[in-house]
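First the proteins, then the strands, lettered A, B, ... as listed; each starts at 1. Just so it is clear, the model here is predicted, and its values are computed rather than measured.
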Amino acid sequence: MMHDSDNRLRNAALDALTIALLILVLSPIIWVFIASIRPDADIMTRGLIPARVTFDHFANIFSRGDFLVALRNSLVVGGIVAICTVVIAVPAAYSLSRFTYMGRDFIGFLILATQMLPAVAVLVPIVVIIRSLGLANTLTALTFTHLALGLPIAVWMLKGYIDAVPRELEEASIIDGSSQIGAMFRITLPLIRPAVVAVGTFAFVLSWGEFILALALITSAEVKTLPLALQTLFDPYSFSWGVVMAGGVVIALPTIVLFLLFRNQLVGGLTAGGIKG
Amino acid sequence: MTSPAVSENEPRPFVEVALPYALVAPAVLVALAIAVVPLLYALWLSFQDWYLLRNPQPVWGGLINYEALFADAGLWRAFWRTWIWTIGTVAVEIALALPLALLLNRDTAIARMASALILLPWVMPFIVLGYGWRFLLDSEVGALHSVFQFFGFAGNSSILNDPNMALAIIIFISGWKGMPFMVLALLAALKSIPGELYEAAAIDGASPWQRFTSITLPSIQNTMLIIGLVLGILAFYSFDLPWIMTRGGPQDATTILGISMYKAVFTDLRPAYAAAISVVMLVILAIASFLSLQLRRR
């Protein structure tokens with residue numbers, strides 16, 4: 001067996017290697033952040049260490065009306081999607097977890113199966129249906145389609161958490177005269193609150209970064225979301241890499257922060273979803 | 001089932017029978033509206049003759065879309081390219097994830113911090129990463145472009161403009177983006193290997209390489225296979241990354257089926273033909289999903 005000091009030395013060496021590899025693997029992301037705070041003239045030099053720091057690129061994008069409109073649209077769509085996901089997923093998960101009824105397994109499978117269905121596969125029919133409903137170029141269309149992104153994982157993740165809440169807790173409350181639904185609100189929901197917040201966050205993040213549905217359904221500037229706005233920042237003949245990268249940081253930052261905050265819940269739910277799916 | 005006071009023989013009140021269905025109904029409706037209805041509609045659409053430049057309304061066309069699809073040489077190239085893309089992406093995912101997972105499978109503060117940060121490529125939106133990589137590969141400002149230029153992989157123009165290199169580089173980026181999911185799965189598999197196995201092997205004098213090939217690899221290969229299949233299905237349906245980076249170009253070098261389908265609707269204005277492409281992709285998805293279920297049962 002190895003001595004403790006050998007072990008410590010070995011771990012220190014492996015830690016150093018871990019950090020080096022981590023920096024290498026994350027360097028494209030680090031680069032985006034560095035470029036966003038660098039004057040355009042310095043970006044041309046391609047070096048890693050920024051000699052001068054500027055927040056002009058951020059001031060630039062936040063002075064652009066189209067970017068602000070997109071920011072508002074993304075917040076509105078993501079916020080409504082998060083709320084609707086929670087409102088729909090909690091009762092569904094409760095039903096799948098607490099009751100036994102005919103068709104339950106099939107319903108659970110149906111909801112989960114939609115998770116494995118890639119947006120590309122149903123893009124054509126969705127676009128045709130939404131256009132024929134006259135909903136193209138509306139945030140309503142985007143909100144509704146984005147609802148499908150996180151809902152299946154939300155249902156299955158919450159079901160796992162509700163399964164873990166002992167039934168006896170609810171039964172005690174029901175004996176005290178509360179209804180089944182009352183017991184759900186009073187007993188179970190408060191206990192799974194962290195998971196509820198996590199799935200809401202997750203739904204928001206998925207909607208926030210969603211690209212292909214937005215690209216296919218939205219063309220007018222006033223209903224564009226952030227991913228489309230970033231394209232607009234880039235597409236014209238003259239653009240600044242610094243500004244585009246600053247736009248990227250604005251889109252990436254909430255995603256990163258929210259994900260790192262809710263990492264434990266999300267990783268559990270996602271691996272479960274991925275493995276079951 | 002829920003109220004033990006009611007005996008099995010007594011009919012339960014309607015409200016009680018209906019309650020679980022009512023609770024799950026909105027989720028089912030969303031699933032129907034977003035998945036089942038569009039799938040059936042795509043199937044119906046794929047048998048229509050609908051070319052917006054000629055007939056503005058769909059008319060029954062029988063198999064014309066499928067006939068056109070099998071005769072479309074460009075689509076066949078996209079089909080085979082999609083397999084290269086899918087297998088390549090999963091290969092990169094495994095090649096990057098395996099060493100990282102082995103490194104992160106230690107209980108040190110650095111390893112814990114790194115296993116959180118390694119998730120970033122997976123978490124960040126495609127649009128940000130796509131433009132980030134375009135920036136790195138840009139021929140005027142890109143740091144990575146200089147590196148490629150130095151080693152002779154790129155001339156004065158970006159590697160993304162080179163039909164021979166663009167697909168390879170975007171496959172790598174696609175694998176890089178999906179790699180964290182594989183790291184997570186491998187870490188879970190590695191943590192479940194009993195430590196006694198390694199102790200016994202160490203006593204028997206097994207070298208680290210022997211321990212890796214006779215203990216580690218057999219214990220994680222099932223996970224690798226199943227997650228590889230899940231990631232493969234995701235990769236098969238890619239659209240965002242190749243679209244954001246190259247729009248399928250240069251000279252269709254990065255046109256995979258998702259891109260072909262998108263262009264069929266929005267460039268060629270042939271929604272029914274695009275629907276037929278979707279149906280073919282779905283049949284392949286169904287086979288792959290069935291295969292992955294069989295693997296999991298094993």
Pairwise distance CZ(B/F266) to CG(A/L123) - rounded to 0.5 angstrom: 5.5 Å
Atom pair CG (A/L21) and CD1 (B/I118), whose distance is rounded to the nearest 0.5 Å: 8.0 Å
Show your reasoning for whether side-chain hydrogen bond (donor to acceptor under 3.5 Å, both in side chains) applies to B/T108 and A/D15. CA-CA 8 Å; B/T108 68; A/D15 274 350; 2.9 Å; yes
Please name the pair of heavy atoms, one in [X] and one in [Y], separated by the smallest distance, quoted to 0.1 Å.
{"X": "B/M261", "Y": "A/V120", "answer": "SD-O, 3.4 Å"}
{"X": "A/V32", "Y": "B/G132", "answer": "CG2-CA, 3.6 Å"}
{"X": "B/A27", "Y": "A/I111", "answer": "CB-CD1, 3.9 Å"}
{"X": "A/A252", "Y": "B/M124", "answer": "CB-CE, 3.6 Å"}
{"X": "A/T114", "Y": "B/A35", "answer": "CG2-CB, 3.4 Å"}

If only atom types and distance count, is the side chain of B/W176 paired as donor or acceptor with the main-chain N or O of A/V25 below 3.5 Å? yes
Identify which part of [X] has an atom lying under 4.5 Å from any heavy atom of chain A, answering side chain, backbone, both or neither.
{"X": "B/V17", "value": "neither"}
{"X": "B/L285", "value": "side chain"}
{"X": "B/L129", "value": "side chain"}
{"X": "B/L104", "value": "side chain"}
{"X": "B/L136", "value": "side chain"}
{"X": "B/W44", "value": "neither"}
{"X": "B/S115", "value": "backbone"}
{"X": "B/I34", "value": "both"}

Could you tell me whether the side chain of A/V124 reaches within less than 4.5 Å of the side chain of B/I277, counting heavy atoms only? no
